[in-house]
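Convention: sequence-line order gives letters A, B, ...; per-chain numbering from 1.
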There are 2 protein chains.
Amino acid sequence: MLSKKTKYGLKALTYLASKKDQQPVQISEIAQAENISQKFLESILLSLRKSGFLGSKKGKGGGYYLIKDPREVLMTDVMRILEGPIAMVPCVSLNFYEKCTDCPDEASCSVNKLMLMVRDANLEVYRSHTLADLIA
Amino acid sequence: MLSKKTKYGLKALTYLASKKDQQPVQISEIAQAENISQKFLESILLSLRKSGFLGSKKGKGGGYYLIKDPREVLMTDVMRILEGPIAMVPCVSLNFYEKCTDCPDEASCSVNKLMLMVRDANLEVYRSHTLADLIA
DNA sequence: GTTTACTCTATTAGATTGATAGGGTAATTA
DNA sequence: TAATTACCCTATCAATCTAATAGAGTAAAC
């Protein structure tokens with residue numbers, strides 16, 4: 001299940017990307033336009049800023065703005081920041097690998113085998129699409 | 001994140017499938033072999049029986065056994081029973097469709113667009129593999 | 001009729017999620 | 001330089017889900 005955090009984050013990024021100019025957009029505007037709890041959105045935008053997707057400007061006329069060209073914002077990076085690991089189990093994760101405590105041998109593990117294929121399929125989707133692809 | 005229920009369920013199915021004969025296998029044997037809490041496994045096997053994957057036999061020499069040929073057990077069906085919807089959001093789910101309350105128009109929704117691609121990628125994996133493919 | 005092993009109900013601790021509140025701080029603008 | 005604006009941070013909360021556990025019940029086999 002996709003978390004609301006990711007859902008809202010994606011919507012916010014798309015909203016910013018669809019703006020022609022690079023002018024900062026206030027949180028309240030995004031929250032209202034996309035039906036998102038403003039306070040919750042604040043924390044999401046903050047984490048997107050800290051991970052280098054967004055810039056912010058304080059004071060009057062301030063807000064958030066996209067730093068990169070939408071065509072250069074890979075979904076792999078966005079998803080990893082918002083949703084966390086792309087893999088459904090740690091033992092097939094590229095960036096968050098962890099050995100299973102209960103499973104003696106990964107090579108012969110059926111779950112490992114299936115989840116590896118799922119991970120690759122998802123990666124392929126996320127890797128081949130950018131923020132620009134999500135704009136209508 | 002894959003739930004333990006699904007993980008255990010897959011392991012149990014694979015364990016049964018890798019047995020040459022169709023003799024019933026006791027819950028305790030599977031639980032021990034796969035490092036699974038026996039009581040938890042009980043409920044999982046029960047739901048797999050109720051959904052037509054397994055048969056069971058009571059009394060001495062009883063246990064669970066696979067009903068179909070492993071090559072005919074599609075991962076789509078297994079995953080839907082164990083994990084639930086394959087889609088990450090209800091608005092792109094084939095079997096569990098639900099309209100988003102917060103989103104006015106699916107066609108122009110960026111989340112919908114991305115999750116649709118992800119769903120298709122996952123479906124492709126699950127649809128093209130059976131229980132037989134998971135056996136080492 | 002006793003044993004075996006599946007079946008069912010209920011309960012629980014813990015973690016996570018999504019949302020809310022309230023205040024603090026920095027940067028603009030007048 | 002003071003007021004305003006809007007970002008920034010901490011804490012809290014109810015609700016939900018997960019995984020595990022316990023205990024009693026029931027059906028089938030020997």
Whether B:Thr6 side chain and B:Leu2 backbone form a donor-acceptor pair below 3.5 Å: no
If you apply the rule side-chain contact (heavy atoms from CB on, under 4.5 Å), what do you find for A:Met88 with B:Glu83, and how did you get there? CA-CA 11 Å; A:Met88 292 182 83; B:Glu83 189 74 4; 4.2 Å; yes
Please lay out, stage by stage, how A:Gln26 and A:Tyr64 fare under the test side-chain hydrogen bond (donor to acceptor under 3.5 Å, both in side chains). CA-CA 6 Å; A:Gln26 296 171 32; A:Tyr64 280 99; over 6 Å; no
Spell out, yes or no, whether A:Met117 and B:Val118 are grouped together once hydrophobic residues are joined by side-chain heavy atoms under 4.5 Å, including indirect joins. no
Report the distance from atom CD1 of A:Ile44 to atom C1' of C:dA19, rounded to the nearest whole Å. 11 Å
The correct set of residues in residues 4-16 of chain A placing a heavy atom under 4.0 Å from DNA chain D is none
Backbone of A:Cys109 reached by a side-chain donor or acceptor of A:Asn112 within 3.5 Å: no
Taking only distance into account, with no hydrogens and no angle test, what donor-acceptor pairs under 3.5 Å do side-chain atoms of residues 36-47 of chain B form with protein atoms, sequence neighbours excluded?
residue	atom	partner	partner atom	Å
B:Ser37	OG	B:Phe40	N	3.3
B:Ser43	OG	B:Phe40	O	2.8
B:Ser47	OG	B:Ile44	O	3.1

Could you encode protein contacts along nucleotides 1-17 of chain D as a string, one character per nucleotide from 5' to 3', using B for base contact, S for sugar-phosphate-only contact and - for no contact, with a heavy-atom cut-off of under 4.0 Å? ----BSSBB--------
How far does CD1 of A:Ile30 sit from CG of A:Asn35, to the nearest 0.5 angstrom? 13.5 Å
Report the distance from atom CG of B:Asp102 to atom C1' of C:dA19, rounded to the nearest whole Å. 14 Å
Checking B:Glu98 against B:Ser93: is there a side-chain donor and acceptor pair closer than 3.5 Å? no
